[in-house]
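Here is the structure we will look at.
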Amino acid sequence: MDWYSIVKFLHVVTATLWVGGGFVLFLLGLLAERAGNIDDKLQAMRASGELGGRFFAPMSMLTLVFGLVMCGLWVGFSDLWVVIGLAGYATTFFIGMFVFKPTGERMGAMIAKDGVAPAVLGVGQRMMRVARFDYAVMLVVVADMVLKPTPHDIGILAGMALVVAIGAILAFAGARRLVPSTA
């Protein structure tokens, strides 16, 4: 076994833990939401908040580090699939840092102050909608890493764009209805 195989294995394992673990929590929240089970929904939100900084962030950073090592030492940074992967990683990183993290902290403060009020559930629902887009991007990154499209793979690239577009529609279409009125 060579060093490239070891680094690639570590890259895949950390990516699996990051993406797969987060997806399970997303599904638990979605199932609780559909069942109208507020306690289970709150439990999934709490788990997401607790694991975000302690588990998902380190796994995501290790995934990036191992990927950068592979690119820096063996693959290079010029292939389209590498650029797409890095852009997808940056997107999910910024969503995590600038949407999920502060929203989770705000929800924790709201619960500590007012308990489980409807406002908390509304914030949680908005966060779940953004998670739909986040996981659409992650799905594209996983497909990108496996399929390694070139500029000539129009069908694959179009499919990836379609997945991101559907994720954006599921996340943000009708978002105005979720914003409380100020009247």
Side-chain angles (χ1 to χ4, degrees), residues 3-33 39-75 77 81-113 116 120-146 160 163-164 167-168 170-172 175 178:
W3 282 107
Y4 176 78
S5 296
I6 293 169
V7 174
K8 185 176 181 180
F9 171 75
L10 293 171
H11 176 70
V12 170
V13 166
T14 55
T16 301
L17 293 171
W18 168 40
V19 176
F23 190 70
V24 167
L25 286 177
F26 171 74
L27 284 177
L28 288 173
L30 189 63
L31 291 172
E33 182 179 310
D39 291 334
D40 285 353
K41 187 174 176 181
L42 286 172
Q43 183 61 31
M45 287 181 210
R46 271 191 215 102
S48 295
E50 289 176 17
L51 291 173
R54 293 182 189 162
F55 182 75
F56 297 124
M59 288 301 108
S60 108
M61 291 305 293
L62 286 171
T63 300
L64 176 66
V65 167
F66 293 131
L68 291 174
V69 168
M70 283 191 300
C71 288
L73 297 179
W74 296 288
V75 176
F77 292 93
W81 66 272
V82 172
V83 174
I84 291 170
L86 289 170
Y89 178 88
T91 301
T92 62
F93 176 81
F94 283 110
I95 289 171
M97 290 303 295
F98 298 110
V99 177
F100 294 151
K101 185 177 186 297
T103 301
E105 290 169 354
R106 188 172 79 230
M107 286 176 61
M110 291 169 73
I111 291 171
K113 181 181 176 202
V116 181
V120 173
L121 297 174
V123 171
Q125 179 138 359
R126 286 191 292 278
M127 193 163 79
M128 286 290 294
R129 291 177 73 84
V130 174
R132 291 176 179 141
F133 176 71
D134 190 48
Y135 274 95
V137 172
M138 286 189 189
L139 177 61
V140 166
V141 171
V142 169
D144 176 64
M145 294 290 113
V146 172
M160 294 166 117
V163 168
V164 170
L170 290 173
F172 306 116
L178 294 175

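Nothing fancy with the numbering, it's 1 onward along the sequence.
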Shortest non-hydrogen contact from [X] toward [Y]:
X	Y	result
Thr92	Met138	CG2-CG, 3.7 Å
Pro58	Gly53	CD-O, 3.4 Å
Tyr89	Ser60	OH-OG, 3.1 Å
Val7	Phe66	CG1-O, 3.4 Å
Pro102	Gly96	CD-O, 4.5 Å
Arg132	Leu30	NH2-CD1, 3.5 Å

Would the distance check show the side chain of Tyr135 and the main-chain N or O of Val130 forming a donor-acceptor pair, the cut-off being under 3.5 Å? no
Check: Can you tell me if Asp144 uses its side chain to pair, donor with acceptor, with the backbone of Gly85 under 3.5 Å?
Finding: yes
So do the side chains of [X] and [Y] get within less than 4.5 Å of each other, counting heavy atoms only?
X	Y	answer
Val83	Phe77	no
Val75	Val82	yes
Phe133	Thr91	yes
Val19	Leu139	no
Phe172	Arg129	no

To the nearest 0.5 Å, atom CG of Leu170 lies from atom CE of Met128 at 12.0 Å
Sequence neighbours excluded, the answer for side-chain hydrogen bond (donor to acceptor under 3.5 Å, both in side chains) partners of Thr14 is Thr63
Those residues at least two apart in sequence (or on a different chain) that pass side-chain hydrogen bond (donor to acceptor under 3.5 Å, both in side chains) with Thr103 are none
inquiry  = Can you tell me if Phe23 has over 12 outside heavy atoms packed within less than 6.0 Å of its CZ?
reply    = no
- Taking the inter-plane angle between the rings of Trp74 and Tyr4 on a 0 to 90° scale, is it parallel (under 30°), tilted (30 to 60°) or perpendicular (over 60°)? perpendicular
